[in-house]
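All remarks here apply to the structure that follows.
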Amino acid sequence: MTHHDNQIYELIQKENHRQKTGIELIPSENYASKHVREPLSSSFVNKYSEGYPGKRYYGGNEFVDQVEKIAQERAKKLFQVEYVNVQPYSGSPANFAVYMATCEPGDTIMGQALVTGGHLTHGAHVSFSATYFNSVQYGVLQEKHKNDGLFDFEAIRKLAQVHKPKLIWVGASAYPLQIPFERFAKIADEVGAYLAADIAHIAGLVAGGQHPSPVPHVHIVTTTTHKTLRGPRGGIIMVTAKGLKKDPELPKKIDKAVFPGLQGGPHDNQTAAIAVALYEASQPSFKTYAAQIVKNAQTLADTLKKGGIHLVGDGSENHLILADLTETHGAGAGYFAEYALDHVGLTMNKNTVPGEQSSPFYPSGIRMGTPAATTRGMKDREMKFIGETMLKVLEIIKDYKLPDTKEERIPYLKNFRQEIESNDELKKIKKEVEKMAVGFAIP
Ligand code: DSN
């Protein structure tokens with residue numbers, strides 16, 4: 001990176017410093033390798049290639065075609081699927097294309113509610129998925145139930161039988177346990193629905209053999225490529241053998257939905273980087289990485305639990321932990337926790353929790369995960385340090401309580417932020433975090 005544009009150059013340097021001196025715990029983030037980043041600024045960044053390999057609307061695509069075919073083949077092999085489209089710009093467009101391929105506007109669809117850990121595109125009322133489709137949402141239980149995780153399959157089955165959705169989504173953005181895909185499949189099969197698994201969060205764990213694969217049970221799989229899969233930002237849609245059996249036209253319908261239905265030219269530099277990420281994810285070292293992600297999440301979860309923090313699902317079975325601060329800190333405490341933790345260099349996000357008593361902007365939980373820290377080589381010792389540091393910060397903010405009215409909130413939160421910024425104990429903690437973080441290189 002050169003000084004060509006000073007303003008942007010300086011901001012990139014600042015972001016580099018922020019990433020290096022802090023610890024990234026947002027579970028949907030990661031550090032792509034330099035081999036994944038290089039194709040992003042390669043000559044493929046200059047190309048247009050609307051269409052698909054061998055069927056383009058522009059010339060000069062002989063090498064783009066090869067890159068795209070390699071990416072498709074690698075994804076097919078890694079996830080054991082029949083068909084792949086690697087062109088979606090990211091996860092939301094990938095999901096939109098699934099709607100376009102399987103439903104007509106106004107059809108009923110079903111997904112996990114956003115406030116209970118689902119994704120916007122699975123039918124949240126603010127998203128296209130509820131604007132153009134009749135969205136029915138299922139929730140989760142507050143406590144783990146036998147081998148069903150937090151799902152109440154009787155309630156989900158009843159909902160599906162009453163509403164007869166054409167498409168059911170399984171997969172989440174804030175769910176700490178393994179997902180029993182076969183239970184969802186039984187329900188979808190009973191009502192004749194397409195079942196799509198959105199594995200954006202867990203794709204790397206599935207590829208690395210640390211989470212059961214949805215492939216034998218669902219018709220369609222979508223994922224982003226930049227979370228646990230550790231690739232560039234991007235999206236993939238896959239059709240399984242079960243999907244082909246239900247509808248042999250699905251691959252054609254999905255291709256048509258992505259282009260020309262939803263997108264123009266694919267980002268070929270992104271496709272090349274996805275191909276590299278898929279190569280990396282097929283290496284034995286990726287299995288070790290995926291196993292360490294899960295181990296680290298368990299160590300961090302245990303440390304927090306020992307410190308009296310209530311965890312949704314009583315721990316973690318994947319890369320993610322959802323701490324519910326309602327009882328220990330009060331409804332809305334996620335806001336205070338996120339701010340104070342970010343201030344000391346532990347970046348995570350406030351999040352709603354099952355049975356949320358506050359609101360999405362001032363929720364009662366925090367969501368964290370281990371994919372990025374694990375990429376830096378952090379293990380048990382560092383997870384204990386992170387957990388113990390979090391406990392210290394959470395103790396410091398314990399007496400802050402979210403005021404009920406908007407009028408009271410504005411001055412109260414301003415005062416809170418000022419007190420956090422001038423707190424000497426937090427300044428000391430920030431230095432400790434920085435000292436630990438800089439010992440672990442970012443790829
Ligand atoms: N924004 C992603 C996440 O953080 O989980 C989901 O799209």
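Counting convention: from 1, in listed order, for ligands and their atoms alike.
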Salt-bridge present (Lys76, Glu73; N to O < 4.0 Å): yes
Asp302/Lys384 ion pair, N-O < 4.0 Å: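 No.
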Out of all atoms in ligand 1, which are within 4.0 Å of some heavy atom of [X]? Include the element for each.
{"X": "Ser173", "result": "5 (O), 6 (C)"}
{"X": "Ser28", "result": "3 (C), 4 (O), 5 (O)"}
{"X": "His119", "result": "6 (C), 7 (O)"}
{"X": "Arg367", "result": "3 (C), 4 (O), 5 (O)"}

Atom 1 (N) of ligand 1 protein-contacted (non-hydrogen atom, under 4.0 angstrom):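 Not a single protein heavy atom is under 4.0 Å away.
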Pairs involving residues 165-176, ordered by first then second residue, that meet salt bridge (charged side-chain N to carboxylate O under 4.0 Å, His left out) (sequence neighbours left out): Asp107-Lys166
Given Gln13, His17, Gln19, the one that forms side-chain hydrogen bond (donor to acceptor under 3.5 Å, both in side chains) with Glu15: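 Per the side-chain hydrogen bond (donor to acceptor under 3.5 Å, both in side chains) rule, the option paired with Glu15 is Gln19, out of Gln13, His17, Gln19.
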His201 heavy atom under 4.0 Å from ligand 1: yes
Approximate separation, where rounding is to 0.5 Å, of Lys77 NZ and Ser282 OG: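 OG of Ser282 is found 7.0 Å from NZ of Lys77.
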Steps toward side-chain contact (heavy atoms from CB on, under 4.5 Å) verdict (Leu413, Phe336): CA-CA 9 Å; Leu413 295 181; Phe336 301 114; 3.5 Å; yes
Glu29 contact mode with ligand 1 (heavy-atom cut-off under 4.0 Å): neither
